[in-house]
Student: 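Below you will find the structure I want to go over with you.
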Amino acid sequence: MNIAVIFAGGVGKRMKSSGIPKQFLKIHGVPIIIHTLQKFQECKEVDAIVIACVASHLTCMQELVEQYNINKVQKIVKGGETGQQSIYNGLIAAKQISKTDKDIVLIHDGVRPIIDSELICKNIASVKKYGSAISSIPQKETTIMLDENKKHIEKVTKRELTYIARAPQSFYLNELLECHEKAKKEEKFDYIDSSSLMMHYGKKLVVVECNTDNIKITTPDDYYIVR
């Protein structure tokens, strides 16, 4: 099986959206989360969808899934306090519907709607070939890294070797869940995304190039660009 885990557990403080979680804001009359879910619904290689949703909007999410006939959604679970914990909750739900030890999971932001079936399929193919896939775009400008005090430049990266991680990020379900379990046992809950967690536990990752318009809606500027 190929299972999409969509995490929509955030409240979107940077969006300043009057208390409405950003994934439920509308673009052209349709909630952002539905725009995203429809991409996985339409992809023939995706067998099931799991949503980790902010607790206050679980009922709303269920109603939207039914309204827009996103029938690949098999489970809607409560998100966690962090993105990492939301993904973990989604993985547990995915494991409950998993059928083999080679099932693939695609981790994706609920507020990253500009993707297509081609990118999803490229992720799945890359997992089968290499074990992991991280949708990314080449860095166009020089990137610098600061020291821990954020005062001095420690490194100027080689632009041709620097990429910006996007999503979906895709893995074998059992392998990713195992690393999440290790992090939970070690009380490490601050990984920025699944790729950084996997890297910490020594897993090799490869890049799947995606389009530059595959952005995450985090700020009002992002919202207007996507619209």
Side-chain angles (χ1 to χ4, degrees), residues 4-17 21-23 25 27-28 32-33 35-36 39-40 43 82-84 86-87 106-127 129-171 176 179 183 188-227:
V5 171
I6 311 300
F7 61 102
V11 295
K13 292 180 180 179
R14 284 174 286 182
M15 276 295 294
K16 301 177 182 179
S17 53
K22 59 187 176 182
Q23 56 270 32
L25 295 176
I27 291 180
H28 304 311
I32 294 168
I33 183 66
H35 282 288
T36 302
K39 302 301 174 63
F40 290 91
C43 181
T82 67
Q84 179 183 334
S86 291
I87 292 170
L106 301 101
I107 309 298
H108 195 75
D109 310 279
V111 289
R112 197 184 290 273
I114 306 181
I115 60 168
D116 54 30
S117 290
E118 182 181 2
L119 177 61
I120 295 170
C121 293
K122 284 168 64 176
N123 268 261
I124 294 169
S126 185
V127 173
K129 187 173 183 178
Y130 301 108
S132 299
I134 312 300
S135 303
S136 306
I137 61 171
Q139 176 61 276
K140 293 182 178 180
E141 300 186 34
T142 300
T143 304
I144 60 174
M145 296 182 65
L146 303 180
D147 61 17
E148 291 185 358
N149 296 320
K150 296 183 180 180
K151 289 185 178 180
H152 302 288
I153 296 173
E154 278 196 341
K155 183 179 181 180
V156 178
T157 64
K158 290 185 178 181
R159 185 165 50 196
E160 64 271 20
L161 299 179
T162 306
Y163 279 68
I164 302 171
R166 296 276 168 101
Q169 298 186 357
S170 307
F171 314 89
L176 180 57
C179 288
K188 296 178 179 178
F189 302 110
D190 58 349
Y191 292 102
I192 192 66
D193 61 9
S194 296
S195 63
S196 58
L197 185 150
M198 292 286 275
M199 284 287 291
H200 175 80
Y201 291 106
K203 306 300 181 181
K204 293 188 179 297
L205 313 173
V206 299
V207 162
V208 172
E209 287 200 22
C210 63
N211 295 328
T212 56
D213 56 7
N214 176 14
I215 67 173
K216 180 181 177 183
I217 300 175
T218 303
T219 66
D221 286 349
D222 299 328
Y223 174 81
Y224 290 113
I225 289 170
V226 169
R227 190 177 67 176

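Sequential numbering from 1 along the given sequence is applied to the chain's residues.
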Student: When you check the side-chain N and O atoms of H200 and K188, is any donor under 3.5 Å from an acceptor?
Tutor: yes
Student: For residues T162 and T143, is any side-chain donor paired with an opposing acceptor at under 3.5 Å?
Tutor: no
Student: Under 3.5 Å, is there a donor-acceptor pair between the side chain of S135 and the main chain of R166?
Tutor: no
Student: Indicate yes or no for a side-chain donor-acceptor contact from S196 to the backbone of Y191 under 3.5 Å, with no hydrogens or angles considered.
Tutor: no
Student: Quick check: does any side chain N or O of R159 sit under 3.5 Å from a backbone N or O of Q139, one acting as donor and the other as acceptor?
Tutor: no
Student: Between S195 and D193 (side chain of the first, backbone of the second, donor and acceptor by atom type, cut-off under 3.5 Å), is there such a pair?
Tutor: no
Student: Donor-acceptor check, side chain of Y201 to backbone of A183, threshold 3.5 angstrom: yes or no?
Tutor: yes
Student: Quick one: does D116's side chain have a donor or acceptor within less than 3.5 Å of a partner on E118's backbone?
Tutor: yes
Student: Is there a donor-acceptor pair closer than 3.5 Å between any side-chain N or O of Q23 and the backbone N or O of G110?
Tutor: no
Student: My understanding is that only one of V5, I6, I124, L119 makes a side chain to side chain contact (heavy atoms under 4.5 Å, CB included) with L106; could you say which?
Tutor: I124
Student: Could you state the interatomic distance from OH (Y224) to OG1 (T219), rounded to the nearest 0.5 Å?
Tutor: 10.5 Å
Student: How long is the straight-line distance from SG of C210 back to CD1 of I120, given to the nearest 0.5 Å?
Tutor: 12.0 Å
Student: Nearest 0.5 Å, please: how far is CD1 in I107 from OG in S194?
Tutor: 5.0 Å
